[in-house]
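Since the structure comes first, as structure tokens, the remarks are kept for the end.
Given the structure is predicted, the values throughout are model-derived calculations rather than measurements.
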Amino acid sequence: MARSTETITTTNATIRKLRFYCVLFGTIATALWIGWTVTRLWENKQLQFQERAAVLLNGVASQLTASMAMTRSFQAFFDSSDYVEGEEFATFANAELKNFPYISSAFYAPRVELVARPSFEQILARQTAVTSITELDAKGISIASPAREFYFPIIYLKAVRPTNPVHAGLDLYPAWRAIMEEAFDSNEVRAVPASFIANGSEQCALIVPIYDHSSRRVVVGIVATLLDKYELIDRMVFGTNLGLQIVFSERSILHFGAPLADIDKTARGWFGARIAQLSRPVMSGNQSIRMLVKQPLQWQLDDVITLLIPLLGGLAISAAIYWALRGTLLANIAAAGSKAKSEFLAVMSHEIRTPLNGVLGMTEMLEKTPLTNEQRSYIKTIRSAGNSLLEVINDILDISKIEARRMRLEDIEFDLGQLLADIADIYRISFFNRGILFDVSMAPSVPEIVRGDPSRLRQILNNLLSNALKFTARGAVSLRVDNLERVNDRSRLRFEVADTGIGIAQDHQHNVFDVFTDVTDWTRRRYGGTGLGLSICKQLIDMMGGDIGVDSVPDKGSHFWFELKLPSRINMALAPRASNWRALVVATADSALTIDVEQIRALKIEPVTARNTHKAMAWLESHAAVPPELIVLDLPENDSASAAFCAQLLADLRFQRIPLIIYTLSSSSAALQQAHYAGAKPCNAAQLLRIIEREPQTAAQPNGTVVDMAQPLNILAAEDNLVNIAVLKSMLKQLGHRATFCENGEVALTAFCKATRRFDLILMDCEMPVLDGFNTTRAIRAFEHRQGLLPTPIIALTAHAFPEQQEHCLEAGMDRYLSKPVSLTTLTMTLRQYQRPAVQSA
């Protein structure tokens, strides 16, 4: 305790010094960061402006150049003919202007002498609604033009937009005189402001002269195109703080934003404007288009935010360093506390488990002795309470390991199908005794060999199934595994446990995976439990990189699921001798029928389904000429129809040799002795294949006797552990089998070779002194080969669930393996596959 106090005092003093140095470091770092940020901000703004200006200038310049080319094309159109009609002009303009949205109109104005004015106005009146040549006064009002030497009134007009203010009869010469004369002298396209014909709004026109064919110096008219400022400039610049000014032959013709003269051209840096300039020659002559883009300096919100980043960032870094180092200093105290907690839990676990194991062990032994009903009830209560206490201890230790990050996951290959079969064996009897349908199945696409932690996966499935058993009073429970996708060598597997139990309300589903959480206090009081099981599942699945969830409706059941991405091997192609067979599948439950058909089809066997034995027999009668090669019977337990159906098959010579597979857990069923196989339903097609390819049993004897029970097996058991010998001996005795026990492989090999009566089966422990199970198996197989004997089935008993160990067993010559601890149910189902029918006189 004194050492702990001293550690805390020293740590607090160090933390105070650390706080001072972190503040000093943060201030210096923040100042440097702000300076660097300001410099980079200005450089970035300059670069962004230059990029935006270049795009804008090049876009506008390209449109102006295209507009000039379009104006030149009108000049060429008039030069190609002595006289152009108005309709010809409109047709040509329609074809040319449809691809130029920034040209709003095109018009032709001929040169009209004063003496020719009356005749021109008559022509103008016939073609338009205007009766005289007009011009605009200083206020922009249209008035009749006074007498002058000549006029340039508009006669042909093609307006792309109806709102265009240009009208026929308007004399262009008064406003454009200087620029028109420049164009007459140079024969060049000239740009001219056109506000006088656009009701005061800023516009621009491009004009080019039309000469007399006989004298290239005599101007007979002009062609003009009016540019739409919005399409040319405003639409591209609108919404920005950029300004644009277009200068054509040293004359400003268009601008957007503040005029360039309003900006100090010499000002630069933070308090001036940015200016970009582009000069581009026009199509001919010495003319050029010069455009200038300007951007007044404006501090925006994002600039302020950018400057706040280093300020806040420096403070954040200083705080982070402080808290990180502070956490490091305090880690020793936390680690010491965690270590003390773990040591305490380990000691308490040992101290509790030691007497608890004695209690449970002696209770099991006591239960086998003669007891009254009242005493047996007490024993059952003690065993149930002891198992519950053991479950609580295991859950608390698991939670402690996970929180302390001491939980380590295995990364090994294992047989997923065998793991599911083992789990199914554990729960089938419990569900059967409660009258609940229970199915375990794997989709054919699910790989059998995957890589991960089999023990933790088993723990997750056990928790979900035990909850389903606890909260389901009637109906069905199913465990299903599907392969959602396979990418490279990893499969995304979805495990689903569905039940028809009490369900979970919607507002409670979000916290079912929290520690020490039950749905309600009522469920805890009625069903018991710590609320740790689902939390352990959630945390284990998180460690495996998966997801878990639940869908539930109160009083209708729950559907728990989780998904894991596991490395896997591609399943070996199944090549059964039953390929291209036809199988009759008899099942009443929809879920059972679906699973049965799926497994049958995976073996390339054609399924024919029947919902009951009556329909099945009717189908057999109608197809007696070509009967099926296999019959699968998946009916409710203790169903008298099953026995009657089997008796009918046995009595009919047409059907008695068809292999019959019965899925059952009832050892008292009269149909068991008449089947090729009678036992638990396999989890996948590979397990069903092993059942089908066994040698069929004889359903009837030549002398008329019938099968009524299975013969006991003569078993050779090689096991070195005294406790395991006692357990195995007790199980085999209870099942009625004869067994010879050997303490190591060498003794077992001698017993096998010198036996006067052949053994039906060998149970082989893998790890034994003197001679282990692998070498013993190889020696037995060699002896059988020399003697010309048929192989004796050898079942490995291994404490390892590793696939490498299991493959080692098969490579040594063993037929299958059982993982320890071996339950009585698992052993019963396994040995039943190797029993032969005994006969009894009728």
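- Residues passing the side-chain contact (heavy atoms from CB on, under 4.5 Å) test with A616 are L584, V586, A610, F645, sequence neighbours excluded.
- Contacts of E621 classified as salt bridge (charged side-chain N to carboxylate O under 4.0 Å, His left out), with partners at least two apart in sequence or in another chain: R654.
- Once rounded to the nearest 0.5 Å, the distance linking CG of L728 with NZ of K733 reads 13.5 Å.
- Within the model, atoms OG1 of T613 and CG of L633 stand 7.5 Å from one another, a figure rounded to the nearest 0.5 Å.
- Every residue two or more places apart in sequence or in another chain was checked for a side chain to side chain donor-acceptor pair (under 3.5 Å) with S478, and none qualifies.
- Judged as a ring pair (Phe, Tyr, Trp, His ring centres under 6.0 Å), and not counting sequence neighbours, the contacts of W619 are H623.
- In this view, A583 and I600, I605, L630 satisfy the side-chain contact (heavy atoms from CB on, under 4.5 Å) rule, not counting sequence neighbours.
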Test side-chain contact (heavy atoms from CB on, under 4.5 Å) applied to T588 and R611, step by step: CA-CA 5 Å; T588 55; R611 288 293 185 163; 5.7 Å; no

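- One finds the SG atom of C646 at 13.5 Å from the CZ atom of F655 (value rounded to the nearest 0.5 Å).
- Looking at I692 and W581, their side chains come closer than 4.5 Å, going by heavy atoms from C-beta outward.
- With sequence neighbours left out, D547 forms a salt bridge (charged side-chain N to carboxylate O under 4.0 Å, His left out) with no residue at all.
- In this structure, A685 and Q599 approach most closely via the heavy-atom pair CB-O, 3.9 Å.
- A 4.5 Å side-chain heavy-atom check between M764 and L797 finds every atom pair outside the cut-off.
- Panel note: side chain Q711, backbone Q835; no donor-acceptor pair is recorded below 3.5 Å.
- Judged by distance alone, with hydrogens and angles left aside, the side-chain atoms of R451 form a donor-acceptor pair with the main-chain N or O of D411 at under 3.5 Å.
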Apply side-chain contact (heavy atoms from CB on, under 4.5 Å) to I762 and I715, showing your working. CA-CA 6 Å; I762 301 175; I715 298 174; over 6 Å; no

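- Taking 4.5 Å as the limit, some side-chain heavy atom of L763 sits within range of a side-chain heavy atom of L761.
- Side-chain contact check for S568 and R486: at least one donor-acceptor pair (N or O, by modelled atom type) lies under 3.5 Å.
- Side-chain contact check for I460 versus I541: some heavy-atom pair is nearer than 4.5 Å.
- Of the N and O atoms on the side chains of N463 and Q459, not one donor lies less than 3.5 Å from an acceptor on the other residue.
- In terms of heavy atoms, A476 sits closest to T500 at N-OG1, 3.1 Å.
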Result block: side-chain N/O donor-acceptor pairs under 3.5 angstrom for residues 554-566, not counting sequence neighbours:
residue	atom	partner	partner atom	Å
S558	OG	S552	OG	2.9
E563	OE1	R492	NH1	2.8
E563	OE2	R494	NH1	2.7

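- Of the inter-residue distances, the one linking R456 atom CZ with I536 atom CD1 reads 8.5 Å to the nearest 0.5 angstrom.
- Counting only heavy atoms from C-beta outward, the side chains of L464 and L534 approach each other to under 4.5 Å.
- Side-chain contact between F495 and L461 is present, with heavy atoms from C-beta onward closer than 4.5 Å.
- V608 is listed as a side-chain neighbour of R582, based on a closest heavy-atom distance under 4.5 Å.
- Residues passing the salt bridge (charged side-chain N to carboxylate O under 4.0 Å, His left out) test with D489, sequence neighbours excluded: none.
- The two residues T609 and L593 come nearest to each other via the heavy atoms CG2-CD1, 3.8 Å.
- With hydrogens and angles left out, the side-chain atoms of T594 and E598 include no donor and acceptor closer than 3.5 Å.
- For the atom pair R657 CZ and E629 CD, the distance stands at 15.0 Å (nearest 0.5 Å).
- R490 and P567 make their closest contact through NH1-CG, 3.5 Å (heavy atoms, listed as atom of the first residue, atom of the second, distance).
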Exercise answer: donor-acceptor pairs, residues 429-446 side-chain atoms, under 3.5 Å, sequence neighbours excluded:
residue	atom	partner	partner atom	Å
N433	ND2	I429	O	3.2
R434	NH1	L469	O	2.4
R434	NH2	T472	O	2.9
D439	OD1	K681	NZ	2.9
S441	OG	R480	NH1	3.2

Pair Q418-D422, side-chain hydrogen bond (donor to acceptor under 3.5 Å, both in side chains): steps then yes or no: CA-CA 6 Å; Q418 185 60 44; D422 292 344; 2.9 Å; yes

Apply side-chain contact (heavy atoms from CB on, under 4.5 Å) to the pair L479 and E496, showing each step before the final yes or no. CA-CA 6 Å; L479 167 58; E496 300 179 348; over 6 Å; no

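- Qualifying salt bridge (charged side-chain N to carboxylate O under 4.0 Å, His left out) partners for D453, counting only residues two or more places apart in sequence or in other chains: none.
- For the pair D760 and P793, the tightest heavy-atom approach, listed with the atom from each and the gap, is O-CD, 3.4 Å.
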After noting the C-alpha distance and the side-chain angles of L660 and I662, does the key distance pass the side-chain contact (heavy atoms from CB on, under 4.5 Å) rule? CA-CA 6 Å; L660 175 63; I662 302 178; 4.0 Å; yes

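- Counting all heavy atoms, side chain and backbone alike, Y663 lies closest to I661 at CE2-CG2, 3.6 Å.
- With sequence neighbours left out, E448 forms a side chain to side chain donor-acceptor pair (under 3.5 Å) with no residue at all.
- Put simply, CE on M814 and NE2 on H808 are 8.0 Å apart, with the number rounded to the nearest 0.5 Å.
- Qualifying side chain to side chain donor-acceptor pair (under 3.5 Å) partners for N483, counting only residues two or more places apart in sequence or in other chains: none.
- Using a 4.5 Å heavy-atom cutoff, the side chains of I631 and L649 are in contact.
- No side-chain donor-acceptor contact under 3.5 Å links D652 to the backbone of Q648.
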